[in-house]
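Numbering starts at 1 and runs along the sequence shown.
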Amino acid sequence: MIRITRLLHGKGTVSELIKRRKGSLSDVPSELLAFTEANRPLVFWNLTNRCNLLCSQCYINAKSGNSNNEELSTDEAKNFIDNLAEMKIPLLMFSGGEPLLRKDLWELASYAKSKGLKTALSSNGTLITKEIAAKIKKVSIEYVGISLDGVNQKTHDAIRGKPGSFKKSIQALKNCVDIGLKCGVRITATAENLNEILSLLDLTVKLKIPRFCLYWLVPSGRGRELSRSKNLEKSDVEQILEGLYEKTKELDPNEFEILTVDGPQDGIYIIKKMEKENLPGYRDALKLLQLTGDSCSAGIRIANVDPFGNVFVCQFAQLDELKIGNVRDRKFSEIWKDNNNPILSAFRNKIENLSGKCGECDHKELCGGGCRIRAYIQYNDLWAEDPLCPINE
């Protein structure tokens, strides 16, 4: 995760990080989750594989249907939460599929709160009525990320696979804003919506939504079926980053945040732009990247658990050959701290294994070699170069 706003404006970054590192991680604010420790990861939990939409880029290949008996039961889920609370992880992200389709979400969220865990929700938004928004707030879910894949109904509904989903997602965002529930817009960039990204950012600002998060496509799950014509080129990535960079300079960092996900190299792009323009915050931004270390947090500060209890280094790594365990067999904490696990070891020491342009790059220590899962899917090689990296072309 690259927080472009914090790199450019430097608000509360390095000094806040140092202060927090001296204290407990249990009160780390959401803005600083990139600074969590390897033994206390941010956990993305896919509560269910069920969804009411059929998005073309879905990394978990979620589908409609009845409740799956293979999903973790409520009791198993609570045992999992107990273990996360013992570890004092900084955040538990409820995701899916569509997590609101799981009937015990409210019970699990309340239980997590009782155990002292911070929680957030990742949703397509179509089910977040005013009543549901109020319920989310009541169970103390602190943040809701809602997906919008276009600035208009035509683009969004085509990608999401269901007519009317755009209007419902827009209303969901308004419902959250109206009751003071922190929310953000998320978009996965593809060739289909490339030219709408900055317009969607403008709409986000207009709706008084405080966060805009752009995901670079990792073609896992159903995303592997996308045709080449829908994938971005490196020149597209530069075009988008240039636009986000300029928008970030214009917007008030006290009111709005722009960030990108699944492109650790974006931080390098931003600080190189800052250096070229001789911006006063360049050295602080560089120091921030150096302090956070490996910007690709998979297997280090990010973990994923799928609906069936399987553990992966990140949500895009849900491949049988990259599974590191199952919480039904061992506690998550035991799996995560197993230094003999070859997959965990590989991700935690990946710099030395990088090949191609990533292996030769002078900036690899800062970005961690880009997205390893995207490289693996593209080249069938975990250590190949990130095919979307625009650096050193």
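- At least one side-chain heavy atom of Pro99 sits less than 4.5 Å from a side-chain heavy atom of Leu121.
- Counting only N and O atoms by type, the side chains of Tyr269 and Glu242 include a donor and acceptor under 3.5 Å apart.
- Evaluation of the ring-ring contact (aromatic ring centres under 6.0 Å, His included) rule for Phe166 yields His156 as partners, not counting sequence neighbours.
- Panel note: side chain Lys137, backbone Ile179; a donor-acceptor pair is recorded below 3.5 Å.
- For Asp157 and Lys167, the salt-bridge test fails: no basic side-chain N is under 4.0 Å from an acidic carboxylate O.
- Trp336 carries Arg348 over the face of its six-membered ring, with the cationic atom under 6.0 Å from the centre and within 45° of the normal.
- Of the possible donor and acceptor atoms, one in the side chain of Arg102 sits under 3.5 Å from a partner among the backbone N and O of Leu47.
- The aromatic rings of Phe347 and Trp383 lie tilted to each other, with the angle between the two planes from 30° to 60°.
- Leu322 and Val305 end up in the same hydrophobic cluster when Ile, Leu, Val, Met, Phe, Trp and Tyr side chains are linked at under 4.5 Å.
- Note on Ile146 and Leu259: same hydrophobic cluster, where clusters join Ile, Leu, Val, Met, Phe, Trp and Tyr whose side-chain heavy atoms are under 4.5 Å apart, directly or indirectly.
- Considering only heavy atoms from C-beta on, Leu289 comes within 4.5 Å of Ile271 through its side chain.
- Heavy-atom neighbours of Asn278 CG from other residues, nucleotides or ligands within 6.0 Å: at or below the threshold of 12.
- Judged by distance alone, with hydrogens and angles left aside, the side-chain atoms of His9 form a donor-acceptor pair with the main-chain N or O of Thr248 at under 3.5 Å.
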Using the side-chain hydrogen bond (donor to acceptor under 3.5 Å, both in side chains) rule, take Gln57 and Asp149 through it: C-alpha gap first, then chi angles, then the decisive distance, then the call. CA-CA 10 Å; Gln57 76 275 21; Asp149 282 319; 2.9 Å; yes

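- Hydrophobic clustering (ILVMFWY, side-chain heavy atoms < 4.5 Å, transitive): Ile4 and Ile197 are in one cluster.
- The side-chain contact (heavy atoms from CB on, under 4.5 Å) test with Lys168 is passed by exactly one of Leu127, Ile128, Thr129, Thr126: Thr126.
- One side chain, Glu71 or Thr48, offers a donor N or O that lies under 3.5 Å from an acceptor on the other.
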Between Phe94 and Thr119, is a side chain to side chain contact (heavy atoms under 4.5 Å, CB included) present by the stated rule, with each step listed? CA-CA 7 Å; Phe94 296 121; Thr119 59; 3.6 Å; yes

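- Electrostatic pairing of Arg3 and Glu257 counts as a salt bridge here, judged by a charged N lying under 4.0 Å from a carboxylate O.
- For the atom pair CG of Leu100 and CG of Asn124, the computed distance is 8.0 Å after rounding to the nearest 0.5 Å.
- A salt bridge is absent between Lys115 and Glu86; no separation between the charged side-chain nitrogens and carboxylate oxygens falls under 4.0 Å.
- Across all non-hydrogen atoms, the minimal contact from Ile2 to Pro264 is CD1-O, 3.6 Å.
- When every heavy atom of Cys213 is checked against every heavy atom of Val261, the shortest pair comes out as SG-CG2, 3.4 Å.
- Across every non-hydrogen atom of Gly184 and Tyr143, the tightest pair is CA-OH, 3.2 Å.
- Between Glu246 and Lys249 a salt bridge is recorded (basic side-chain N to carboxylate O distance below 4.0 Å).
- Residues Ile159 and Ile187 do not share a hydrophobic cluster, defined by chaining ILVMFWY side chains whose heavy atoms lie under 4.5 Å apart.
- In summary, the side chains of Thr155 and Asn193 do not present any donor paired with an acceptor at a separation below 3.5 Å, with no hydrogens or angles considered.
- At distances below 3.5 Å, not a single donor-acceptor pair connects side-chain atoms of Ser345 with backbone N or O atoms of Asn341.
- Rounding to the nearest 0.5 angstrom, the gap separating the CD atom in Glu275 from the CD1 atom in Ile270 is 13.5 Å.
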Under the criterion salt bridge (Lys or Arg N to Asp or Glu O under 4.0 Å), I'd like the reasoning laid out for Lys364 against Asp362: C-alpha separation, chi angles, the key distance, then a yes or no. CA-CA 6 Å; Lys364 61 186 178 184; Asp362 293 336; over 6 Å; no

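- Cation-pi check for Arg328 over Phe308 is not met; the charged atom does not lie both under 6.0 angstrom from the ring centroid and within 45 degrees of its normal.
- Looking only at distances, a side-chain donor or acceptor of Asp236 sits under 3.5 Å from a matching main-chain atom of Glu233.
- Between the side chain of Arg372 and the main chain of Gly369, a donor-acceptor pair closer than 3.5 Å is present.
- To the nearest 0.5 Å, atoms CG (Asp329) and CG (Asn326) are separated by 5.0 Å.
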Apply side-chain hydrogen bond (donor to acceptor under 3.5 Å, both in side chains) to the pair Arg186 and Ser147, showing each step before the final yes or no. CA-CA 5 Å; Arg186 305 172 314 172; Ser147 298; 2.6 Å; yes

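- Side-chain contact check for Ile170 versus Leu207: some heavy-atom pair is nearer than 4.5 Å.
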Carefully, step by step, assess Phe44 and Leu92 under the rule side chain to side chain contact (heavy atoms under 4.5 Å, CB included). CA-CA 6 Å; Phe44 287 86; Leu92 176 59; over 6 Å; no

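- Summarising the geometry, atom CD1 belonging to Ile391 is positioned 7.0 Å from atom CD1 belonging to Ile268; distances are rounded to the nearest 0.5 Å.
- Grouping the Ile, Leu, Val, Met, Phe, Trp and Tyr side chains by contacts below 4.5 angstrom, directly or via other members, places Phe332 apart from Phe312.
- Gly97 approaches Cys51 most closely through the heavy-atom pair CA-CB, 4.1 Å.
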Using the rule given for side chain to side chain contact (heavy atoms under 4.5 Å, CB included), can you reason through Leu201 versus Ile258, listing the C-alpha separation, both sets of side-chain angles and the distance that settles it, and then say yes or no? CA-CA 9 Å; Leu201 194 159; Ile258 297 175; 3.6 Å; yes

Take Arg50 and Glu98, measure what salt bridge (Lys or Arg N to Asp or Glu O under 4.0 Å) needs, and give me the verdict at the end. CA-CA 6 Å; Arg50 289 169 289 133; Glu98 173 49 57; over 6 Å; no

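- Taking 4.5 Å as the limit, some side-chain heavy atom of Leu366 sits within range of a side-chain heavy atom of Leu286.
- Side-chain contact check for Leu148 versus Arg160: every heavy-atom pair is 4.5 Å or farther apart.
- The two residues Ser333 and Asn83 come nearest to each other via the heavy atoms N-OD1, 2.8 Å.
- Interatomic distance, CG of Leu42 versus CG of Leu91, reported as 4.5 Å (0.5 Å rounding).
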Which is it for Lys273 and Lys276 under the side chain to side chain contact (heavy atoms under 4.5 Å, CB included) test, yes or no, and what are the steps along the way? CA-CA 5 Å; Lys273 287 277 295 181; Lys276 184 177 180 179; 5.7 Å; no

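- Rounded to the nearest 0.5 Å, atoms CD1 (Ile81) and CH2 (Trp45) are 4.5 Å apart.
- In the displayed structure, Arg330 atom CZ is contacted under 6.0 Å by more than 12 heavy atoms of other residues, nucleotides or ligands.
- Pairing each heavy atom of Glu196 with each of Gly150, the nearest pair is OE1-CA, 3.4 Å.
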Could you give the side-chain donor-acceptor pairs of residues 313-320 under 3.5 Å, partners two or more places apart or in another chain?
from	atom 1	to	atom 2	distance (Å)
Gln318	NE2	Asn46	OD1	2.9
Gln318	NE2	Asn304	OD1	2.9

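- When each of Arg374, Lys350, Lys357, Lys234 is checked for a salt bridge (Lys or Arg N to Asp or Glu O under 4.0 Å) with Asp386, only Arg374 meets the rule.
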